[in-house]
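Below is one structure, written out as structure tokens, with a few remarks after it.
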Amino acid sequence: MQENKERRRVCVKGIVQGVGFRPFVYNLATKHQLVGFVTNTPDGVEIEVEGLPAPLNAFIRDLKTDTPPLADINKIIAEPLVLVGDTSFTIQTSEILGHVTTLISPDIATCKDCLAELFDSEDRRYQYPFINCTNCGPRYTIIENIPYDRPQTSMRHFTMCEECRTEYDDPADRRFHAQPNGCHVCGPQVSLADSKRKIVAQKSEAIPQAIEFLQQGKILAIKGMGGFHLVVDATSDTAVSRLRQRKGREEKPFAIMVPDLQTAQNICQLNDEEKQLLASCQSPIVLGLKKKDHGIAESVAPHSDRYGIMLPYTPLHHLLFASDLKALVMTSANFTEEPICIDNEEAYERLGTIADYFLTHDRDIYLSSDDSVVLWSAGKTRMVRRSRGYAPRPIALKNDGPPVLGVGGELKNTVCFLKDQQAIISQHIGDLHNLEAYIFFQKTISHLKRIFETKPELVVHDLHPGYLSTQWAKEQNELPVLAVQHHHAHLAACLAENQIGGSAIGLIMDGTGYGADGTIWGGEILIGDCRTFQRYGCFEPMPLPGGDIAIKEPWRIAAAYLYKAFDGTIPDLPFLQGQDYEPVLEIVAKNINSPLTSSCGRLFDAVAAMSGGRQFINYEAQAAIEFMQAGNGIADQPFSFEIEEDNGIVKMSVRSIIQSVVQTLRDGSSQAEISQRFHRTLIDLLVEMASKASNETGIKLVVLSGGVFQNHILFEGLICALEKTGLQVVTHSEIPTNDGCVSFGQAVIGREHLLN
Ligand code: ZN
Ligand code: ZN
Ligand code: FE
């Protein structure tokens, strides 16, 4: 039999270090009765296995299919070797390498095995709030430097006890080289304090006491994996309202956490994919449709037909729900659009006026990471916010190339490094208006640069001269910079995510972005690729009276659009009653502080406001979201619309749409009907534009990007209509369609410029 044996070298690349990959290989090889060894190398994991061909093949097959949850294999290369005749299978430690290129895994939800131990009264980690193993727990948020080793993480302050050390050193153990390993004896501990920092309860008493406070309707600041949450009982309207009042957040929906999938299903209508997403090791917030009689307080997500819902993802969360708590509001602990709070001291300072109690612990969070938000739409997972659980997992690129950094836009900022054949997109950084966010932005850039060992040759920024990200890029004296138009970045991001090298027609329906002509763009038909673009068409530019204030008060946009559509007169519509609109019309007439915009988002705002929707908004896109929900469908009949050539650009007339909306309102149509017809209008209009562009250029590929496509009714309807006309449609899935994708698009365009 000996002569039938074979030996193979198997190289595995991807996220394969610090994720329990070697113990997994060891167990797999042992199971298949193979001999040889496994070791970490600078590019991944190398295995040499020897045995009979059938088990060898089974081993390689299982390597791909039974992968540990945190591992992500990019490539497996197998080649034959001569027989060596080892007597066993061993794990070779890699310390000697000194330098290891590890792809750092995101933070991962508590695994099944750890959960079983957490609630096993016989286990030494029974009810230990920081239980973890190589298959779960914190990673990205606790790493300060590479290689990923305990002294380089915020676990370095904890010395493992003998039992933990034995697990850590045992190649066959689930905790072999699990850097955050710890237990009641040696690991991090929780404590509960009031807002004056006076300790109320510690260790095993802290969590039961925290549960009691939550049951009493108190507001808790709870330190989680990627930062602090503000937490209240989601079934208590009084508690939720107090939180809203103290946080200064009027209506923007709060995310909720529920103990298990069954409870989630009682609250939201969930399909199989949504259930899978909820229970996945990334454990994101899923935007699920509300059911009736869900028992959740009305104030959690007023005027919304969905809940952002998630399941417990740390042992601490699981322990909180080992009580009769049914649902908790879990919202990022910050004031609006500031980064999530991570530091204990900082928490008391920033949240002292909001939270009644603080459930903290002594494991530091090095880098914050918000909860990710996903939506299931048009048959795929759509990232709304890509952060904890997903970042910094690389996105695979079609080609290799020089290292580049994209610094993103102003809102929903992320940064992106291209390294080799991968894009590393940061966690959600937020809106770069305030100093905290700007500091976080800089910290994230230097952190990613360090842990991914990359030195960009080019920094790419937005065309807008005033953005903090643009200014930062220009301050990097030693590096060349490139300015990229916002919507071109959207187009390139979608092409690159789908690994498409050629040209496409980009339907970029967005809020705002600085245009190549200095006006505000946002409803763009671009033709281009990852290098250049041409503005084929856009919405007819309309005035934005007062600039930013109009975005917060959509009635102003409606008034201005009406004024333009009716040539300086304004039709008498109910929404204008009691509104002091004369000054608005005056600044439009005199062209004072009324920049022109072709934004699709603003058109939504205008039509929503004039048909009786939101006149003032409390959070971004509220008018458009509620307007979409009011109709919740697509009519057969569009409003009348026109397209016309103007200076070589095809303009989609906004005036004709507004006139038609007004006529329909006068005929007594409801807001719901207006909403449905407006969605039909946009779909028909965009299909016509895409077909026209396709006929003229011969391009059959259409890219959809931009924040407006978070509107799933428009998104699904448009994909369907475009495909019916024979066009091929590509969309975002792994990265957001909103401005979270801009840094990636910038970096991709930058690399093309270096290559050509
Ligand atoms: Zn685990
Ligand atoms: Zn221990
Ligand atoms: Fe955008």
Side-chain angles (χ1 to χ4, degrees), residues 19-20 23-24 68-70 105 107-119 123-125 128 130-139 150 155 158-169 173-176 178-189 225 281 283 313-315 318 408-414 431 462-464 467 469 484-494 506-515 520-524 526 597-602 620-621 704-710 732 735-746:
V19 292
F24 155 71
L70 272 68
S105 153
D107 303 303
I108 293 297
T110 311
C111 75
K112 278 202 300 293
D113 294 335
C114 286
L115 205 52
E117 291 169 352
L118 182 66
F119 291 112
D123 193 273
R124 71 186 190 90
R125 288 191 184 84
Y128 179 56
F130 302 96
I131 188 168
N132 67 78
C133 71
T134 49
N135 298 325
C136 71
R139 293 288 185 283
R150 190 147 167 140
M155 283 301 292
F158 303 94
T159 309
M160 275 183 275
C161 68
E162 216 162 298
E163 280 177 277
C164 285
R165 170 55 76 176
T166 309
E167 296 165 337
Y168 182 90
D169 289 334
D173 197 278
R174 208 172 86 244
R175 296 195 167 87
F176 176 64
Q179 304 305 348
N181 193 22
C183 71
H184 285 293
V185 178
C186 67
Q189 301 290 349
M225 187 129 76
C281 65
S283 193
Y313 58 85
T314 71
H318 285 286
E410 181 87 332
L411 303 178
K412 298 185 173 64
N413 178 274
T414 58
D431 295 353
D462 194 86
L463 261 187
H464 198 300
Y467 285 178
S469 53
V484 161
Q485 201 280 322
H486 183 94
H487 303 102
H488 184 209
H490 271 286
L491 169 67
C494 193
L507 306 184
I508 318 297
M509 297 299 123
D510 209 22
T512 47
Y514 195 82
I520 306 169
W521 293 10
E524 309 303 311
L526 306 182
T597 181
S598 55
S599 167
C600 184
R602 299 297 84 80
E620 195 201 355
L704 305 187
S705 186
V708 170
F709 288 123
Q710 289 177 135
H732 293 287
I735 56 171
T737 190
N738 61 42
D739 286 0
C741 79
V742 167
S743 62
F744 176 49
Q746 289 172 341

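Nothing fancy with the numbering, it's 1 onward along the sequence. Note that ligands are numbered from 1 as they come in the structure, with each ligand's atoms numbered from 1 the same way.
Considering only heavy atoms from C-beta on, Gln746 comes within 4.5 Å of Asp462 through its side chain.
With the Fe ion (ligand 3) as the vertex, atom OD1 of Asp739 and atom OD2 of Asp510 span an angle of 160° (nearest 10 degrees). Seen from the Zn ion (ligand 1), atom SG on Cys133 and atom SG on Cys136 lie at an angle near 120° (rounded to 10 degrees). Rounding to 10°, one obtains 110° for the angle at the Zn ion (ligand 2) between SG (Cys164) and SG (Cys161).
For His184 and Tyr128, the distance between ring centers is under 6.0 angstrom.
There is a side-chain donor-acceptor pair under 3.5 Å between Glu524 and Ser598.
Between His318 and Phe119, the ring planes are perpendicular. Angles over 60° get that label, and only those under 30° would be called parallel.
Among the backbone and side-chain atoms of His486, an N/O/S atom is found under 2.8 Å from the Fe ion (ligand 3).
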